Asks: 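First the structure, which I've put down as C-alpha cells, then a few questions once you've had a look.
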Amino acid sequence: MNNRLLKADYIDIYAFQQDLLTWFNEEQRDLPWRKDKDPYKIWVSEIMLQQTRVDTVIPYFHRFIEQFPTIAALSEAEEEKVLKAWEGLGYYSRARNLQTAVREVYEKYGGVVPNHPKEIATLKGVGPYTAGAILSIAYGLPEPAVDGNVMRVLSRILLITDDIAKASSRKVFEAAVRELISHDNPSDFNQALMELGALICTPRSPSCLLCPVRDHCHAFNEGKQNELPVKVKKIKKREVQLAAALLTDSEGRLLIRKRPDKGLLANLWEFPNIELNLQYVSEKEQLKEAINTKYDTNISITDMIGQIEHIFTHLTWNINVYQGKLDRVIEDKDLKLVSLEEIKIYPFPVSHQKMLKQYIEAAGI
DNA sequence: CAAACGTGGCA
DNA sequence: TTGCCAAGTTT
C-alpha cells in the first residue's frame, strides 16, 4: 500500500460519513443486541457473530441472555450449561473462552468490561475485531472494528487490492478506518460499515445502485466492484472414516463420553467412536475391540443403523453408525450411562445429534 | 503465517 | 452437488 492517506483523499471524508450514517440511521435492521449498549450483551453478540450469520445468531442470543443475563450470572454458571446453550452454534471454544474472559472481568475488573484497548485485548477470545467492536459500539471510542464486511466495503470504496485472506492485510484496513471514522459517532460508523457490507455491498452482485455511498466508491466509479475484494483461498480438506457405537445397557441407557478439553469439539459429549484404518479388518470387529480395550468392558455390536457425512470447514467425517449392547462400564466424570431423558442436558455436536436421531428411529422409541 | 476450529444457507 | 460464504481467534 502507498502512504498517501490510503487513497482516502479520493473521497470527501465528512460527506462520506454523513451519507453512511444517514443511511444507517434509516435502514439499519432491528437486531436484539441493538436495544441497548450493555457492554456484556454487545460482547456476547460479537462472539456469537464471529463467522456466523445474523439469522442463525438471533435465537441463540435471546436464549443465552435469558439464561445468563449478566456477567455475574455467566461467571457463576457451569461450563456444561454454557456449552449446552451454545450447542449447534459451532466453534465451541468461543463459548469456553467467553466464560473464561467474563470470569476474569468479574474477578479482576469488578464486573465492568474494560474500556481500554490494551486491557480488553488481553481477554480470551477477544481479538482485534471484537476489541474494536466493543470499544466503539458499547463505549463510543473511535477504534477500528475490521471484519470481513469492513474489508470488503473498504476494498471497494478505496480500491484496496491487498489479499484480505492474509492476516497482514487487516492493519491496512484498520489504518483506513482510523482515517475515515466519525469521531462524533464511532459506534454507528463501525456498525454502518458492517451493515452496508451485509445489506448492500455484498460479496457477490453488490447492489451499487442502492448504495448510499456509491458516489464515494472508487471501485464503482471504475466499474471494478465485482473484482474486489481480492481474496486468495486455499483449502485442503481431509476426509476421515469413523465408526461409532450407540451402546445400551439392560436398562436402555446409552454410553456417552466427554471429549478432551482441547482440539475439535472440545469438552462436548459424544458416542464412543474410532477412526477406521485397517480396511482388511471388519469395522464391527475394530469397533468392538477398540471400545472393549479402552473402557475395559465387554460389548457386542449388532446392526449398522445408519451412515452420516458431516462436513467441517477443514475436514469431513464419514461415520458408520452401529448399535450394540454392553454389560457394564466404570462410570467417571468423562464416561456416563444416561437415559434418553438424562441425555438432554449434555451438549453434543451436530454430528452426534444426528446419530441419536437415527438411533431413536431405528429403535422405534 | 498457515492451519485448526462448526454449522447451515445458498447459487 | 460442490464450493463459497457468514460481525474471527488461537496456536
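What you are looking at is a predicted structure, and each value in this text was computed from that prediction instead of being measured.
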Asks: Where is the tightest heavy-atom contact between A:A266 and A:R96, given as atom of each residue plus distance?
Replies: CB-NH2, 3.3 Å

Asks: Taking OP1 and OP2 of C:dA7, is either one under 4.0 Å from a side-chain nitrogen or oxygen of A:S45?
Replies: no

Asks: Have a look at A:W33 and say if it touches a base, only the backbone sugar-phosphate, or nothing, with a 4.0 Å heavy-atom cut-off.
Replies: base

Asks: Between A:E309 (CD) and C:dT1 (C1'), how many Å, whole number?
Replies: 11 Å

Asks: Looking at every strand, decide which applies to A:A133 at a 4.0 Å heavy-atom threshold: base, sugar-phosphate, or nothing.
Replies: nothing

Asks: Can you identify which nucleotide, out of C:dT10, C:dA6, B:dC1, has its nearest atom closest to the A:N97 side chain?
Replies: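 The answer is C:dT10.
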
Asks: Could you list the donor-acceptor pairs under 3.5 angstrom formed between side-chain atoms of residues 108-115 of chain A and any protein atom two or more places apart in sequence or on another chain?
Replies:
none

Asks: Expressed in whole Å, how much space separates the P atoms belonging to B:dC1 and C:dT9?
Replies: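 Between the two P atoms, the distance is 15 Å.
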
Asks: Compare side-chain N and O positions of A:R238 against OP1 and OP2 of B:dA3 and report whether any pair is under 4.0 Å apart.
Replies: no

Asks: Assign a letter to each nucleotide of nucleotides 6-11 of chain B from its 5' end: B, base within under 4.0 Å of a protein heavy atom; S, sugar-phosphate only; -, no contact.
Replies: BBB---

Asks: Expressed in angstrom and rounded to an integer, what is the separation of A:K237 atom NZ from C:dT2 atom P?
Replies: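 Interatomic distance, NZ of A:K237 to P of C:dT2: 10 Å.
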
Asks: Do A:H216 and A:D12 have side-chain atoms, one donor and one acceptor, less than 3.5 Å apart?
Replies: no

Asks: Take A:P128 and A:K231, find for each the nucleotide of DNA chain C with the closest heavy atom, and name the residue whose nucleotide sits nearer the 5' end.
Replies: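 The residue mapped nearer the 5' terminus is A:K231.
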
Asks: Between A:K124 (NZ) and C:dT11 (C1'), how many Å, whole number?
Replies: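 For the pair A:K124 NZ and C:dT11 C1', the rounded distance is 14 Å.
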
Asks: Does A:V57 reach a base, just sugar-phosphate, or nothing at all? Heavy atoms under 4.0 Å.
Replies: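 Contact class for A:V57: none.
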
Asks: Tell me every residue that passes salt bridge (charged side-chain N to carboxylate O under 4.0 Å, His left out) with A:K354, counting only those two or more places apart in sequence or in another chain.
Replies: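 For A:K354, no residue satisfies salt bridge (charged side-chain N to carboxylate O under 4.0 Å, His left out) once neighbours in sequence are set aside.
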
Asks: C:dC5 P sits how many Å from A:D55 CG, rounded?
Replies: 19 Å

Asks: Are the ring centres of A:F68 and A:F64 closer than 6.0 Å?
Replies: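 Under 6.0 Å, so yes.
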
Asks: What is the distance, to the nearest angstrom, from the CZ atom on A:R152 to the P atom on C:dC5?
Replies: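 After rounding, the gap between these two atoms is 10 Å.
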
Asks: Does A:Y60 have A:R63 sitting over its ring (NZ/CZ under 6.0 Å from centre, angle to axis within 45°)?
Replies: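 Yes, a cation-pi geometry.
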
Asks: Between atom CE in A:M194 and atom P in C:dC5, what is the gap in whole Å?
Replies: 20 Å

Asks: Taking the side chain from A:Q286 and the backbone from A:I274, do they hold a donor-acceptor pair closer than 3.5 Å?
Replies: no

Asks: Nearest nucleotide by nearest heavy atom, which residue falls closer to the 5' end of DNA chain C, A:E195 or A:V126?
Replies: A:E195

Asks: If only side-chain N and O atoms count, and only distance matters, is there a donor-acceptor pair under 3.5 Å linking A:E270 with A:N273?
Replies: yes

Asks: Name the nucleic acid region contacted by A:R29, choosing base, sugar-phosphate or nothing; use a 4.0 angstrom heavy-atom cut-off, strictly under.
Replies: base

Asks: Just do the side-chain hydrogen bond (donor to acceptor under 3.5 Å, both in side chains) check on A:Y129 and A:E46 with the steps written out, would you?
Replies: CA-CA 9 Å; A:Y129 164 75; A:E46 292 301 340; 2.5 Å; yes

Asks: Work out how far the P atom of C:dA6 is from that of B:dC5, and round it to whole angstrom.
Replies: 23 Å

Asks: Which nucleotide in the set B:dA2, C:dA7, C:dA6 lies at the smallest distance from any side-chain heavy atom of A:D147?
Replies: C:dA7

Asks: Nearest to the side chain of A:P203, which nucleotide is it out of C:dA6, C:dA7, C:dG8?
Replies: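 Nearest nucleotide to the side chain: C:dA6.
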
Asks: Rounded to whole angstroms, how far apart are CD1 on A:I164 and C1' on C:dA6?
Replies: 12 Å

Asks: Looking only at atom P, what distance separates C:dT11 and B:dG6, rounded to whole Å?
Replies: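 Each nucleotide's P atom is 13 Å from the other's.
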
Asks: Measure from CG on A:L123 to P on C:dG8 and round the result to the nearest Å.
Replies: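 Rounding to the nearest Å, CG of A:L123 and P of C:dG8 are 19 Å apart.
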
Asks: Closest nucleotide of DNA chain B for A:K166 versus for A:K262: which of these residues is on the 5' side?
Replies: A:K166

Asks: Give me the distance, rounded to whole Å, that separates C:dA7 from B:dA11 when you measure between the C1' atoms they each carry.
Replies: 23 Å

